[in-house]
Amino acid sequence: MSVFVDASSKVIIQGFTGQHATFHAEDAIAHGTQVVGGVTPGKGGTTHLGLPVFDSVEEAVRKTGATVSGIFVPPQAAIDSLYEAVECGVEVAVIIADGVPVQDMIRVKRYLAGRQTTIIGPNSPGIITPGACKVGIMPSHIYRRGRVGVVSRSGTLNYEAVSQMTALGLGQSTCVGIGGDPINGTDFKTVLQAFANDDETDVVVMIGEIGGQQEVEAARWAAQYLTKPLVCFIAGVSAPRGRRMGHAGAVIAGDADTAAAKLDAIEALGHRVVRNPARIGETIAEVVRETGGPVPALSV
Amino acid sequence: MNIHEYQAKELLRAYGVPTPPGEVVYTAKAAARVAQELGGSRWVVKAQIHAGGRGKAGGVRLASSPAEVAEIADQLLGSTLVTEQTGPQGRVVNRVLVERASRIDREFYLSLFVDRVSQRIVVIASDQGGVDIERIAAERPEAIRTEQVDPGVGLLDFQCRKIATAIGLGRRAAPFTRLLKRIYRLFRDKDCLLLELNPFIETEDGDLVALDAKMTIDDNALFRQGAIAELRDFDEEDPKEVEASGHDLNYVALDGDVGCIVNGAGLAMGTMDAIVLHGGRPANFLDVGGGASPEKVANAFRIVLKDPNVRAILVNIFAGINRCDWIAEGVVQATRDQAIELPIVVRLAGTNADAGRRILDRSGLDLIQARDLDDAAAKAVAAAAGRTEVRVP
């Protein structure tokens with residue numbers, strides 16, 4: 001099964017002919033993703049990477065049957081591209097751009113009410129179901145198909161955790177980067193709910209950071225409803241208050257926003273927390289052993 | 001991005017929200033002239049810095065003659081104001097706002113902010129003006145009224161009336177509603193994250209006036225807020241952070257001795273945490289971002305090295321969109337061109353990591369390579385402490 005994307009996902013790339021879009025579309029195709037085309041307004045009718053380019057998402061979806069869109073468009077135009085994708089009824093839209101105004105996301109969330117599209121991002125590394133589908137900017141070669149579900153805000157911390165897991169023979173079902181902004185298209189709790197219902201996921205890892213209460217809320221939900229073990233790391237134990245740490249959402253506004261407070265709250269809810277970012281892989285391996293694993297990393 | 005009180009008040013006035021008459025000045029002489037022009041018998045002189053707590057720190061003072069206005073301005077201008085929000089180093093006052101003093105009948109608290117929990121713009125009001133809202137929230141939560149704004153329809157009249165009634169302005173509900181809706185429009189039009197009027201007052205004449213204003217704009221929206229982007233006051237920021245942002249690097253100065261050059265905000269924080277776990281202290285947060293060229297890496301070294309406390313540098317890269325070979329070239333270039341003598345620990349992983357390590361090996365430079373995050377943090381902490389051996393935490 002996996003969550004949100006799998007081998008049957010038909011992916012288009014908005015901003016297809018751009019440099020990063022091209023690089024990651026090639027990487028995605030090489031690792032099994034069904035990329036069926038792309039959109040670059042004004043370049044419709046041409047081909048890129050041997051795939052058709054369309055002027056609009058509407059045309060791309062009509063002619064390719066695309067179900068997922070990767071939006072590789074600069075932040076100033078990303079939200080318009082997102083509306084276009086949602087209007088065309090794609091199931092999943094992934095926004096990579098860092099720099100989307102937060103009030104635009106407030107409007108997006110309101111607009112999404114009653115619509116079916118799942119938005120991943122913005123300010124996100126994307127989503128990958130190893131060997132089946134990647135829509136994002138992550139280095140595919142570090143991922144292995146397996147049974148650990150990973151959800152993080154940050155891209156690079158996701159890579160760090162995954163490489164530790166892969167080195168220990170622990171593969172991943174799906175890795176979702178919800179993004180580093182204060183308002184995310186899909187939040188931690190929604191991703192945990194998807195993993196809860198996924199028969200290919202045995203263990204879930206949540207990698208959060210300072211700022212907001214989303215991780216704690218998700219952990220509270222998980223304490224009640226998630227029957228799979230949850231391992232959690234929160235970055236920024238050493239971060240000062242009131243300073244934005246790179247991500248628009250990574251700022252400590254009050255006592256409850258600190259990494260230590262969130263880790264304590266999540267631990268008190270009965271979940272396993274990791275306080276050293278270098279030990280995320282080991283901790284998952286421990287949890288797998290305790291729960292009678294093994295979680296095989298199915299090589300792809 | 002924060003802007004000054006006087007700038008926020010100019011914006012409020014442009015939207016039809018009354019503020020006390022006043023003008024910003026840079027000299028004591030101009031302060032006296034402005035007081036004379038404003039007329040009246042009492043004036044307020046307010047230090048303009050991007051930090052709260054000015055009142056308690058002596059940065060907001062009353063005067064009863066233009067001469068006294070000049071005297072206070074003279075004392076404040078060029079002085080360093082230390083408030084509970086500036087940190088011990090304080091902020092230098094370069095400009096003061098001179099206003100005619102208001103005759104206050106009642107003070108209220110009023111703010112709008114982007115609430116990440118409800119994912120809405122939220123209005124908060126209280127009849128306890130001029131006080132820290134966190135304190136009211138802790139001591140008298142019932143004195144706070146909040147209203148969430150549905151972005152589909154905007155702030156509605158009935159919500160404004162509810163707030164007016166809750167804070168004791170029920171009789172003045174109509175003019176309050178008009179003002180609050182203007183404030184909301186300003187907040188929305190200018191991509192604010194926070195607009196705090198504390199206090200918002202009713203004068204003895206019954207006028208509703210924004211006596212103080214604090215405004216934070218969304219950095220991500222500055223591309224469409226050209227006029228506001230120009231209000232940025234570089235004197236209010238750490239010069240290293242200003243330079244870093246000019247190079248498209250995300251840098252935050254901290255007070256430790258291990259300089260950090262990392263890609264990605266999450267890993268940059270994780271790296272700082274790992275340093276602390278190994279008994280060290282990070283000197284900074286630095287995210288080189290995606291697609292970092294050798295030149296960008298060299299600029300990162302330049303900025304990190306401006307901090308005299310740095311005793312060792314840790315380069316930690318997990319490349320996705322980045323390329324480790326480019327990073328490695330940047331490290332070699334910087335080490336040579338900048339003649340760096342401090343120990344440099346490098347950990348490369350992800351895209352083109354092998355190529356990157358080969359570049360480091362072949363450089364002949366005395367670089368300390370690390371195999372993973374733990375190893376990198378341990379080696380960097382040891383190097384900063386002048387040790388060659390690594391201690392297991």
Side-chain angles (χ1 to χ4, degrees), chain A residues 19-20 23-24 75-76 98-107 109-111 125 137-139 142 152-160 163-164 180-183 207 209-214 217 233 235-240 242-250 254 259 275-279, chain B residues 85 114 116-117 119-121 134 149-152 187-188 191-193 218-224 250 252 254-256 262-277 281-282 285-287 289-291 316-322 349-351 372-377 393:
Chain A
Q19 187 198 345
H20 290 310
F23 181 83
H24 287 285
Q76 295 87 332
D98 172 8
V100 169
V102 70
Q103 290 202 27
D104 286 0
M105 278 309 291
I106 291 179
R107 288 185 277 269
K109 296 295 288 226
R110 172 68 164 79
Y111 163 86
I137 56 170
M138 53 281 269
I142 65 169
S152 67
R153 282 188 177 279
S154 146
T156 45
L157 261 183
N158 185 309
Y159 315 157
E160 177 65 47
S163 71
Q164 292 173 24
D181 280 358
I183 296 181
I207 300 168
E209 50 194 49
I210 53 166
Q213 284 301 295
Q214 238 203 75
E217 283 158 31
F233 171 75
V237 171
S238 55
R243 302 300 313 272
R244 201 165 61 83
M245 293 284 122
H247 284 158
R275 290 175 194 263
N276 181 346
R279 303 270 154 84
Chain B
Q85 289 182 19
V114 170
R116 57 197 293 172
V117 177
Q119 308 191 328
R120 294 277 162 97
I121 294 169
E134 281 84 17
V149 183
D150 184 325
F187 188 93
R188 194 197 52 197
D191 277 300
C192 294
L193 296 178
D218 183 356
D219 291 325
N220 285 352
L222 291 178
F223 71 87
R224 63 186 179 200
N250 224 319
V252 178
L254 303 170
D255 53 10
V262 188
N263 71 313
L267 189 59
M269 269 186 278
T271 305
M272 287 160 45
D273 295 348
I275 288 167
V276 170
L277 281 163
R281 290 170 70 211
F285 166 99
L286 190 150
D287 172 12
N316 184 21
I317 302 295
F318 207 123
I321 211 160
N322 273 298
T351 310
D372 58 28
L373 172 59
D374 218 21
D375 190 37

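Naming convention: chains lettered A, B, ... in sequence-line order (proteins, then strands); numbering from 1 in each chain. Since this is a predicted model, take the numbers as computed values, not measurements. Scope of the values below: all heavy atoms of this structure, side chains included, with no hydrogens, waters or symmetry mates.
Contact of the A:N276 side chain with the B:D374 side chain is registered, since non-hydrogen atoms from C-beta on lie closer than 4.5 Å. Side-chain contact check for B:R120 versus A:R110: some heavy-atom pair is nearer than 4.5 Å.
For the options B:N263, B:T351, B:I275, heavy-atom pairs under 4.5 Å to chain A are most numerous at B:N263. Across B:G264, B:A377, B:G289, the residue that shares the most heavy-atom pairs under 4.5 angstrom with chain A is B:G264. Put simply, of B:R188, B:M269, B:R116, B:R224, the one with the most heavy-atom pairs under 4.5 Å next to chain A is B:R116. Of the listed residues B:R281, B:M272, B:Q119, the one with more heavy-atom pairs under 4.5 angstrom with chain A than any other is B:Q119. The greatest number of non-hydrogen atom pairs below 4.5 Å with chain B, out of A:Q19, A:H20, A:Q213, A:E160, is found for A:E160. Options B:V276, B:V252, B:D287 differ in how many heavy-atom pairs under 4.5 Å they form with chain A, and the most are formed by B:V252. Ranked by non-hydrogen atom pairs under 4.5 Å with chain B, the options A:P139, A:G246, A:A278, A:S238 are led by A:S238.
Using a 4.5 Å cut-off between heavy atoms, A:R244 touches chain B through backbone and side chain atoms alike. With a 4.5 angstrom heavy-atom cutoff, A:Q76 touches chain B via backbone and side-chain atoms both.
Taking each heavy atom of B:F223 and A:G99 in turn, the nearest pair found is CE2-O, 4.5 Å.
A:S154 places no side-chain N or O within donor-acceptor distance of the main-chain N or O of B:A265, the cut-off being under 3.5 Å. One N or O on the side chain of A:Q103 and one on the backbone of B:C192 form a donor-acceptor pair closer than 3.5 Å.
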Inset, instruction - Take A:R275 and B:D273 through the salt bridge (Lys or Arg N to Asp or Glu O under 4.0 Å) test and state the conclusion after the steps. - result: CA-CA 9 Å; A:R275 290 175 194 263; B:D273 295 348; over 6 Å; no
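In summary, A:R107 and B:D150 do not engage in a salt bridge, as defined by a charged side-chain N under 4.0 Å from a carboxylate O.
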